[in-house]
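For reference, the structure discussed in these notes is given below.
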Protein chains: 2
Amino acid sequence: MGTKERRAREKEQLRQQILVAARELFVNEGYENISMRKIANKIEYSPTTIYLYFKDKADLLDSVCQETLLNLLNTLEQLKRDESDPVEALRKSGRTYVEFGLKYPQDYKLTFVIRPQFQKGLGLEEGSVGEKVFNYLREMVSECVQQKRFRQMDVETTGQVLWSAVHGVTLLLIDFPDFPWTEKDELIDTVIHTTIEGLKA
Amino acid sequence: MGTKERRAREKEQLRQQILVAARELFVNEGYENISMRKIANKIEYSPTTIYLYFKDKADLLDSVCQETLLNLLNTLEQLKRDESDPVEALRKSGRTYVEFGLKYPQDYKLTFVIRPQFQKGLGLEEGSVGEKVFNYLREMVSECVQQKRFRQMDVETTGQVLWSAVHGVTLLLIDFPDFPWTEKDELIDTVIHTTIEGLKA
DNA sequence: GATATAATATTAACACTGTAAAGTTAGATA
DNA sequence: TATCTAACTTTACAGTGTTAATATTATATC
């Protein structure tokens, strides 16, 4: 009676195959330059087969972005363990966030800039990966506030300020690679350092 | 012999007409949802006429964005006059920058996020409007640094840190309107205030 | 093993897209 | 009036996302 299970497994496998192909194409050539037909070609299925697994192209993008968020979450959570100082932990998290964005620039843009243009929902619903990523940030910040390392301020606002800073620098570095930036690592560190100092002040 | 001039004027007029129509459509319905045919319909010309005035759709986007930058520059320069304290002037400029982005969210995204995806060049070349906007920021910052109001730091880096912050918060507010943000104005003020405090520290 | 049934995949088609090439028209020059 | 030229349109092509109808395949039942 394992037939059903095997079938389900096979179905999931094809779903994954589509996702892998879609991510690779989206990331290398940009979401709007990739057609359903191109994805279909890559996996050697007919274009319409994709619609048996995903509602439409935006839904496919959505699933790719969910994976990216999961990837980001895992990357961040690997840090958490080995750092006792909460401010230092926050600094490292910020650094890791930006580095993640620069390591997978297209994934980052897809998730945090392109996707919102197509899917109006935020992807931060109850139990979603996006929510978990945000909770991670919230916890980090909360620790700093509780230990009075920051000036008295709403935890939510504090988190949002930090997010603004890292999101901003990540996108600028991605979008304007030719701009005469300060040396990249120095800029990232300075952005994070400045923001954290500002939160202490 | 005024014929040539009249013709040139008419030509420029149609160019402007196309730009106005394109901006309105792009801004209201999004760049990727607008076809050349829709723009052509709006101005009551055939679609291919547009190609006599603009190289392609990306070039048309480009011109729309140039106008946006000019608009931003004018908005910013109106501030300059009436503020003697350089830090306060910088704060106001930051505030104005974000407000501009939120007042014309689609223009902002078009210029600072969508455009770089299509036109790899930055649009900050010698003599360009983009360069002027950036010079404005540079001057503001420079004033603060010269008057020792900020901790000793490279003017370029300081400017880039500020730009990161305001760019970040602007985009987050645009892209995730449903997120449970701190009250919008408070968040913007806090982002700018925190960054500036961090630069002093 | 043959047949009915359900799952999965494909073909054909529609209404669009950006844009190149060729054709048309109106006004200026000679 | 004939010719030239700039401005604009028509036509056409190859490609797009997506739907409905159809075909194929694999399983379950007899």
Side-chain angles (χ1 to χ4, degrees), chain A residues 1-23 25-26 28-65 110 114-115 117-120, chain B residues 1-23 25-26 28-65 110 114-115 117-120:
Chain A
M1 227 333 176
T3 312
K4 243 190 176 133
E5 283 84 350
R6 199 206 63 220
R7 289 275 230 162
R9 216 164 48 233
E10 280 173 3
K11 208 173 149 110
E12 182 53 30
Q13 237 164 49
L14 181 47
R15 211 190 108 95
Q16 280 304 320
Q17 224 184 115
I18 297 172
L19 272 177
V20 168
R23 147 158 285 121
L25 291 170
F26 285 167
N28 287 331
E29 315 196 30
Y31 177 69
E32 58 279 309
N33 297 317
I34 292 307
S35 66
M36 298 303 256
R37 286 168 175 82
K38 284 182 188 162
I39 299 170
N41 259 339
K42 193 174 174 78
I43 57 169
E44 298 183 288
Y45 278 80
S46 84
T48 48
T49 297
I50 299 172
Y51 288 87
L52 301 172
Y53 296 81
F54 300 92
K55 188 181 159 293
D56 53 26
K57 201 186 169 192
D59 182 37
L60 185 49
L61 170 62
D62 222 61
S63 300
V64 168
C65 292
L110 234 35
I114 310 294
R115 202 197 88 113
Q117 211 149 40
F118 293 86
Q119 296 280 109
K120 262 309 171 211
Chain B
M1 221 337 188
T3 311
K4 246 193 174 128
E5 283 83 349
R6 198 205 64 217
R7 289 276 230 159
R9 217 166 45 234
E10 279 175 4
K11 208 173 148 108
E12 182 51 31
Q13 237 165 49
L14 180 47
R15 210 189 109 95
Q16 281 302 320
Q17 223 184 115
I18 296 172
L19 273 176
V20 168
R23 144 157 288 119
L25 290 170
F26 286 166
N28 288 331
E29 315 195 30
Y31 176 70
E32 58 279 308
N33 297 318
I34 293 306
S35 66
M36 297 304 255
R37 285 169 176 81
K38 283 183 189 162
I39 299 169
N41 259 338
K42 195 173 173 78
I43 57 169
E44 297 182 290
Y45 279 81
S46 86
T48 48
T49 297
I50 300 172
Y51 288 88
L52 302 173
Y53 295 82
F54 300 92
K55 187 182 159 292
D56 53 26
K57 201 185 169 192
D59 182 37
L60 184 49
L61 169 62
D62 222 61
S63 301
V64 169
C65 290
L110 235 37
I114 309 294
R115 202 197 89 112
Q117 212 150 41
F118 292 86
Q119 297 280 106
K120 263 309 171 205

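Here the structure is a predicted model, which means the values were calculated and not measured. The figures that follow rest on heavy atoms only: side chains count, while hydrogens, waters and symmetry mates do not. Every chain is numbered from 1 and lettered A, B, ... according to where its sequence line falls, protein lines coming before strand lines.
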Does OP1 or OP2 of D/dT16 have a side-chain N or O of A/Ser35 closer than 4.0 Å?
yes
With side chains defined as the heavy atoms from C-beta onward, is the minimum distance between A/Gln17 and A/Leu14 less than 4.5 Å? yes
Decide yes or no for B/Pro47 and B/Lys38: does some side-chain heavy atom of the first lie under 4.5 Å from some side-chain heavy atom of the second? no
- Query: Regarding A/Glu12 and A/Gln16, is there a side-chain donor-to-acceptor distance under 3.5 Å anywhere?
  - Reply: yes
Atom CD1 of B/Ile34 and atom C1' of C/dT19 are separated, to the nearest Å, by 18 Å
Nearest heavy-atom contact between A/Phe26 and A/Leu61 is CE1-CA, 4.1 Å
When rounded to whole Å, the NZ to P distance for the pair B/Lys55 and C/dT19 reads 8 Å
Using a 4.0 Å heavy-atom cut-off across all strands, classify A/Ile50 as base, sugar-phosphate, or nothing. nothing
Separation of C/dT8 atom P from A/Glu12 atom CD, nearest Å, is 12 Å
query = Is any side-chain heavy atom of A/Ile18 less than 4.5 Å from a side-chain heavy atom of A/Phe54?
reply = yes
Query - Minimum side-chain heavy-atom gap B/Arg115-B/Leu110 below 4.5 Å - result: no
Please list, pair by pair, any protein nitrogen or oxygen found under 3.5 Å from a nitrogen or oxygen in nucleotides 4-9 of chain D.
unit_1, atom_1, unit_2, atom_2, d
D/dA7, OP2, B/Lys11, NZ, 3.3
D/dC8, OP2, B/Tyr53, OH, 2.5
D/dT9, OP2, B/Ser46, N, 2.7
D/dT9, OP2, B/Ser46, OG, 3.0
D/dT9, OP2, B/Thr49, OG1, 2.4

Q.
Between the base of D/dG17 and the side chain of A/Arg37, is one N or O donor paired with an acceptor at under 3.5 angstrom?
A. yes
Quiz prompt | Within 45° cone of B/Phe118 ring axis and under 6.0 Å: B/Lys57 NZ or CZ | solution = no
To the nearest angstrom, the CG-C1' distance between B/Asn41 and C/dT17 comes to 14 Å
In whole angstroms, the gap separating P of C/dG18 from CD of A/Glu32 amounts to 13 Å
query: Contact class for B/Leu60 (heavy atom, under 4.0 Å): base, sugar-phosphate, or nothing?
result: nothing
In whole angstroms, the gap separating P of C/dT19 from CG of B/Asp59 amounts to 10 Å
Separation of C/dT8 atom P from A/Arg15 atom CZ, nearest Å, is 14 Å
Rounded to whole Å, the OH-P distance (A/Tyr51 to D/dA20) equals 13 Å
